[in-house]
Structures are given as structure tokens and as C-alpha cells.
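Notes to accompany the following structure.
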Amino acid sequence: MTDPLPRAATPAPRRAGRRVTPLAGALALLVAVAGCTGGDDSGPGTTDSAPPAATVTVTGPLCDVLPSGTEPGNPASLVGQPADRALGWIPVLTTFEAAVRASGMATELTGTQPVTILAPTDDAFAAKFSRTNLDELLLKDTEKLRGLLREHVVTGALPVAELVSAGTVTTLAGTKLTVTGQGQGARVDDEADLICADYQAVRARIHVIDHVLGSLPTTANGDDHPAH
């Protein structure tokens with residue numbers, strides 16, 4: 001009697017998550033800059049830094065749809081990554097990471113001085129800027145873009161509890177931000193909520209927020225971005 005033909009393996013189920021629609025300008029910039037700089041394509045945990053901590057706990061309502069467990073980009077895998085590279089593994093920060101590359105802010109995020117990064121999501125950028133305005137910032141007004149990003153970076157790698165305890169922090173741009181506790185998270189300047197807090201990278205803490213800070217005017221309108 002012949003052996004039955006082996007059955008095809010059932011593919012492993014994919015983890016459900018929120019669909020993210022990055023802005024066209026940000027995606028184009030990511031490709032262009034990566035091609036020009038010859039960026040490192042190595043995955044998390046492949047640097048020569050110390051191995052990641054066994055457990056890294058991130059908190060906030062968005063964390064449930066972001067990489068976890070052994071998935072690429074899970075919080076523990078980013079511990080040994082430079083901050084700019086760690087940002088690239090958090091899927092809702094496509095626009096922010098593109099802005100870091102375009103403005104040259106990576107040098108400030110990966111220096112010897114520890115930093116806290118308040119990183120707005122792609123949705124937050126879409127709610128703040130029109131596509132035309134954002135493309136101008138990414139491709140032409142890079143000094144203005146750098147100033148905007150400096151409004152989102154604080155000296156010292158501060159976990160959410162220390163941000164709340166401090167009450168007020170000063171950004172690299174010199175502006176003061178008020179931080180208040182909100183459940184297990186925090187709210188910044190009564191505008192932005194920390195929706196997935198306490199990612200750790202080399203000399204950095206990354207907190208994902210849902211609003212773009214700073215004084216640049218809002219230029220987005222309801223018809224400017226495609227529906228998600």
C-alpha cells in the first residue's frame with residue numbers, strides 16, 4: 001500500500017492589528033533616503049549592544065495592536081537598538097521616522113545624551129498637516145521640520161512615571177510641556193495622550209502619542225487624506 005500524499009501545512013494565523021495607512025510623502029521619503037544612505041537593514045537585536053532585557057512592559061490602549069511576543073519589533077527586541085532605528089520598527093510611526101531621517105535629527109537622538117521621544121502617530125500627522133504641507137516639510141523646509149521634531153524630544157530617558165512625577169519638562173526646542181497622569185498613562189499639555197508608552201532603546205525612551213505638538217499651524221482638511 002502506498003503512503004498517502006502529505007497534506008500541505010496549514011499556514012500560521014496572522015496576528016490581527018489595526019491597518020495603518022502611511023502618508024504618501026512619508027513613504028516616498030523613506031524609500032529615497034534609505035536608498036541614498038545605504039541604511040542598515042539588520043533586524044532588532046542584531047547590533048553589538050548588550051542583549052535585550054528579558055521583559056519590557058509598554059502600556060497604553062494602542063499597545064495591543066503593535067508587535068509583541070516574538071514578533072519583529074516587539075518591545076524587548078528594541079532595547080539594543082539606536083533610537084532612530086527603533087522608531088522604524090514601530091509600525092504607526094512611519095511619518096515620524098521619515099521626518100527624523102529628512103531633518104537629520106538622528107544625530108540628536110543617538111548621541112551620548114539620553115532622551116525621551118514623544119512620537120506622534122501617522123494618524124496624528126494626517127490630522128495636523130495637509131499632504132502638500134507635509135511633503136514641503138519633508139523635502140524642502142527641513143529646518144522647520146527639525147524645529148518641530150525638537151518640540152517632541154526631552155533631555156533624559158524618562159519612563160512615563162517619571163514624566164508624571166516631574167509635572168513639567170523642557171523640550172530641546174526650549175518649550176515647556178505640562179505632563180499630568182491619566183490612569184496608567186499620561187497627557188501632555190492637555191493635547192496629547194501617551195497611547196503606547198515606555199518603549200526602550202539605547203539611551204532613549206519612546207512614548208507614542210496621538211497628537212502633534214508645537215506651534216506650526218494645522219493645515220489638514222477632511223478631503224486631503226484618504227479614508228482609513
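Remember, predicted model here, so these are calculated numbers, not experimental data.
Side-chain atoms of Lys176 and Thr170 include a donor-acceptor pair closer than 3.5 Å. With hydrogens and angles left out, the side-chain atoms of Asp122 and Thr95 include a donor and acceptor closer than 3.5 Å. Between the side chains of Thr175 and Glu151, at least one donor N or O lies within less than 3.5 Å of an accepting N or O.
Side-chain atoms of Thr142 never come within 3.5 Å of backbone atoms of Leu145 as a donor-acceptor pair (strictly under, hydrogens ignored). Checked by atom type and distance alone, the side chain of Glu108 never pairs as donor or acceptor with a backbone atom of Met105 at under 3.5 Å. Panel note: side chain Thr178, backbone Asp189; no donor-acceptor pair is recorded below 3.5 Å. Although no hydrogens or angles enter the test, the distance criterion places no donor-acceptor pair under 3.5 Å between the side chain of Ser165 and the main chain of Ala161.
Between Leu216 and Phe129 there is a side-chain heavy-atom pair separated by less than 4.5 Å. In this structure, the side chains of Ser77 and Trp89 stay at 4.5 Å or more apart for every pair of heavy atoms. Residues His211 and Val188 form no side-chain contact, since every pair of their non-hydrogen atoms from C-beta on lies 4.5 Å or further apart. Side-chain contact between Thr57 and Asp198 is absent, with no heavy-atom pair separated by less than 4.5 Å.
By the rule that hydrophobic residues join a cluster once side-chain heavy atoms approach within less than 4.5 Å of another member, Leu213 and Ile206 end up as members of separate clusters. Ile195 and Val160 end up in different hydrophobic clusters when Ile, Leu, Val, Met, Phe, Trp and Tyr side chains are linked at under 4.5 Å. The hydrophobic cluster containing Leu66 does not contain Leu194, counting ILVMFWY residues as joined when their side-chain heavy atoms lie under 4.5 angstrom apart, directly or transitively. Following chains of ILVMFWY side-chain contacts shorter than 4.5 Å, one can reach Val208 starting from Leu148, so the two form part of one hydrophobic cluster. Tracing side-chain contacts under 4.5 Å through hydrophobic residues (I, L, V, M, F, W, Y), one reaches Leu149 starting from Leu87; they form part of the same cluster.
Atoms CG and CZ, on Leu138 and Arg131 in that order, are 13.5 Å from each other to the nearest 0.5 Å. Put simply, SG on Cys196 and CD1 on Ile90 are 7.5 Å apart, with the number rounded to the nearest 0.5 Å. Distance CD1/Ile117 to CG/Leu172: 9.5 Å, rounded to 0.5 Å. Remark: Thr121 OG1 to Leu62 CG distance equals 7.5 Å, nearest 0.5 Å.
Under the side-chain hydrogen bond (donor to acceptor under 3.5 Å, both in side chains) criterion, Arg187 pairs with Asp190, Asp193, sequence neighbours left out. When the side-chain hydrogen bond (donor to acceptor under 3.5 Å, both in side chains) test is applied to Thr180, no partner is found at least two apart in sequence or on another chain.
Heavy atoms of other residues, nucleotides or ligands lying less than 6.0 angstrom from CD of Glu191 number more than 12.
Minimum interatomic distance between Val56 and Ala76 (heavy atoms only, all atoms of both residues): CG2-CA, 3.8 Å. Heavy atoms only, all atoms of each residue included: Ala127 and Ala220 are closest at O-CB, 3.5 Å. When all heavy atoms of Val58 and Tyr199 are compared, the pair lying nearest together is CG1-N, 3.8 Å. In terms of heavy-atom proximity, Leu158 sits nearest to His207 at O-NE2, 2.9 Å. Considering all non-hydrogen atoms of both residues, Pro67 and Pro91 come closest at CD-CD, 3.6 Å. Across all non-hydrogen atoms, the minimal contact from Asn74 to Gly69 is CG-O, 3.2 Å.
Below 30°, between 30° and 60°, or above 60°: for Phe96 and His152 the angle between ring planes is above 60°, a perpendicular geometry.
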Legend entry - side chain to side chain contact (heavy atoms under 4.5 Å, CB included) assessment of Thr168 paired with Val179: CA-CA 6 Å; Thr168 302; Val179 184; over 6 Å; no
Inset, instruction - Check the pair Gln113, Thr155 against side chain to side chain contact (heavy atoms under 4.5 Å, CB included), reporting the backbone distance first and the verdict last. - result: CA-CA 7 Å; Gln113 180 69 51; Thr155 299; 3.1 Å; yes
Inset, instruction - Start with the C-alpha gap between Asp84 and Glu97, add the side-chain angles, then the distance that decides, and say whether side chain to side chain contact (heavy atoms under 4.5 Å, CB included) holds. - result: CA-CA 7 Å; Asp84 61 328; Glu97 194 257 350; over 6 Å; no
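Taking a cutoff of 4.0 Å between a charged side-chain nitrogen and a carboxylate oxygen, Glu136 and Lys144 do not qualify as a salt bridge. Between Arg205 and Glu162 there is no salt bridge, since no side-chain N of the basic residue sits under 4.0 Å from a carboxylate O of the acidic one.
When each of Leu109, Val153, Thr110 is tested with Val100 by the rule side-chain contact (heavy atoms from CB on, under 4.5 Å), just one qualifies, namely Leu109.
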